[in-house]
Amino acid sequence: MSTENEGTAVPAEPAAPSAPPTPPTPPMSSSATEPDSARAGQAEPTHAPAGQTTPAPAPATPAPAAAQTPPPAPNDPPTLAHPQPHPEAHTQPHSQAHTPAHAPAHAEPSHAAGAGGWPPPPPAVPAWGAPVPPVPAAPAGRRRTGGLVAAVLVAALVAGGIGGGIGYWAAQRGDNDVSSTTVSSGDAPASFKREPGTVAAVAAQALPSVVTIQAKSGGSQGEGGTGTGFVYDQEGHIVTNNHVVASAADGGTLSVTFPNGKAYDAEVVGRAEGYDVAVLKLTNAPKGLKPLPLGDSDKVAVGDSTIAIGAPFGLSNTVTTGIISAKNRPVASGDGSGGSNSYMSALQTDASINPGNSGGPLLDASGAVIGINSAIQSTGSGFGQSQAGSIGLGFAIPVNQAKNVAQQLIKTGKPVYPVIGATVNMQQQGEGAKIAAQGSGGTPSVTPDGPAAKAGLKPGDVITGFGDHQIDSGPTLISEIWTHKPGDSVKITYERDGKTSTATVVLGERTGDS
C-alpha cells in the first residue's frame, strides 16, 4: 500500500544560523485485514471524505504557508468467501490533514532564545477542518530572526500533513540532521495481560480443550473427513456431532489431535442420530485434561456475544466471533449419507461457521459452552452439509440438550428420546403439525394408550402449539419435543374441525435410533 501526498510548498532555508528541524510526523495508515457446515461475508465499501483547508493570511508581514489536500480514500472492494481457504487482505489508506498556520513575521529576541530554548515550541494545531485564527502582528525590529521563527512554526504545523514528504525533501538536500520518522511502540511489558472476557482471553483459555477429529471409514480406501470436538470430562470423553464420526462408526478409525500437536486414538462411546450428538473416548487419555465449562443455553439472549472454535476446511484452532442471532430456530439436517435426519431447536449465530467446524463449541463471552456447532444454511442447497462458504447463518445444538444426551450416551451407550406417541406429517408447513391418518407400515398414527391418546388427540388433529412455542410443521414439533425429557408434562394446543382446544401430554420415551 502506498499513500501519496500532493505537493506542499516547502519553506525556503532561513538565512539565520541553522537550527535542528522538527522531525516530521509520519502519516497514519490502516489496513483491513470453518467435513460440514459453511458462511460468506462481504465487506461493504467504505468511502472516506476528502477535506481541504485554506490557511488564513496573517494580518501583518506574510510568512511562508503550506496547504495540503489529501487524496480521496479508495473504495474497499467487497470481500468474497470461497469454498477453500483463500484469505485476502485489503488495505485502505487513511490520511490526516493538518491545516497550516501563519506565524508572525517578527519576534522579540526573548522568544527566539533564552528561557524558552531554540526553537520555541510550536503552537497547538487547531481541530481538523477548523479555521485558523489570525495571528497578531509582532512588533517591528529584528525581522531576520522573526522570519526564521515563522519558517520553523509553519514547518512544524505542516509536518504532520506531509509526513514522509519533508523527510524525503531533506534527504535529497543532504541534510543528515533529519532523523527517521519511524515510531516504535517498544516491546510489550512482561506484565501485559488481556482482560477476562476479551475474545483473546477466552480463546486462550478454551483452545487447549478443543480438538480436531479425523474420521476414516474402514478399508484401505476408506473415506473420511475432518470435524471438531471438545473435552467433556477428565476421563477423556470428547463431545462432537454424530455426522462427524458416522463414517468411522463401523470399523473405521478416529484420531483426535490437540492444539499442541499431540494426537490420540479414540473410539465411539455412543451416537444419537436424531440429536446429532456423539461421544468419543480417548484410548490413552493424557493426564491434566481440562473440560470446558458448560453454560446454560436457556438463559442465552439474542444479541449475546458468541465465539466459535473449530477446524474450517481443515484449518485447526480457528476462532471466529459473532452474536446470538435467534433462539429456538427449528432445524432439520442430515449427515450427508442418506441416514436419518436430526432435529434441533437451535441457537442461530452469525459467527463464521464452515465445513470442519461441526462438533466444535459455541462459547459465550465468559468462555462457557452454550452450544455445539452443527449445521448451516447455504445458498441453493438448504440445510445440511454443503461445501459452500459461511453466509452468516449457523446453527448450534443448545448445550442443555446436548449435555443430557451426552450423559445418557456415557451411561448406556444409547440415546433416549421423548415422544408423544403420534405420527405427524413431515411435509406440510405453515399450518401446524398434522397427525397423519396412518402410521408407517399401516400402523395406527396415534399409539394406543400412548401419551397423545391419553391426552385425547386423534388422527387429523393439527398441533399448533407446544408449551410456549408456536408449531408450524412436523419438524418444528419434533425439535421442540426433543428439548424435553421423558416424563415432562407439556401443554399442547391443537385444532379439530376448525375449533381450537388444549390438552396436557406426559411425554413417553423411545430408546435407540430406529
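Starting from 1, each residue takes its place in the sequence as its number.
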Using distance only, find each side-chain donor-acceptor pair of residues 461-468 under 3.5 Å and give its atom names and separation, not counting sequence neighbours.
unit_1 : atom_1 : unit_2 : atom_2 : d
Asp461 : OD1    : Arg496 : NE     : 2.8
Asp461 : OD2    : Lys458 : N      : 2.8
Asp461 : OD2    : Arg496 : NE     : 3.4
Asp461 : OD2    : Arg496 : NH2    : 2.8
Thr464 : OG1    : Thr493 : O      : 3.4

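- In this structure, Glu495 places its CD atom where more than 12 heavy-atom neighbours from other residues, nucleotides or ligands lie under 6.0 Å away.
- Judged purely by distance below 3.5 Å, without hydrogens or angles, the side chains of Tyr343 and Asp276 never pair a donor atom with an acceptor atom.
- Under 3.5 Å, the side chains of Asn284 and Asp265 contain no donor-acceptor pair of N or O atoms.
- Residues Tyr275 and Ser342 are not in side-chain contact: their nearest non-hydrogen atoms beyond the backbone lie 4.5 Å or more apart.
- In the model, Thr226 has a side-chain atom that pairs as donor or acceptor with a side-chain atom of Gln214 under 3.5 Å.
- With 3.5 Å as the limit, one finds a donor-acceptor pair spanning the side chains of Thr412 and Gln408.
- For the residue pair Ser345 / Ser479, no side-chain donor-acceptor distance below 3.5 Å is found, with atom types taken as modelled.
- Atom CD of Gln407 sits in a crowded spot, with more than 12 heavy atoms from other residues, nucleotides or ligands closer than 6.0 Å.
- A 6.0 Å sphere centred on CD of Gln470 holds no more than 12 heavy atoms belonging to other residues, nucleotides or ligands.
- There is no side-chain donor-acceptor pair under 3.5 Å between Gln401 and Thr483.
- Side-chain contact, Ser473 with Thr476: a donor N or O sits under 3.5 Å from an acceptor N or O.
- Judged as a side-chain contact (heavy atoms from CB on, under 4.5 Å), and not counting sequence neighbours, the contacts of Glu509 are Val416, Pro486, Thr511.
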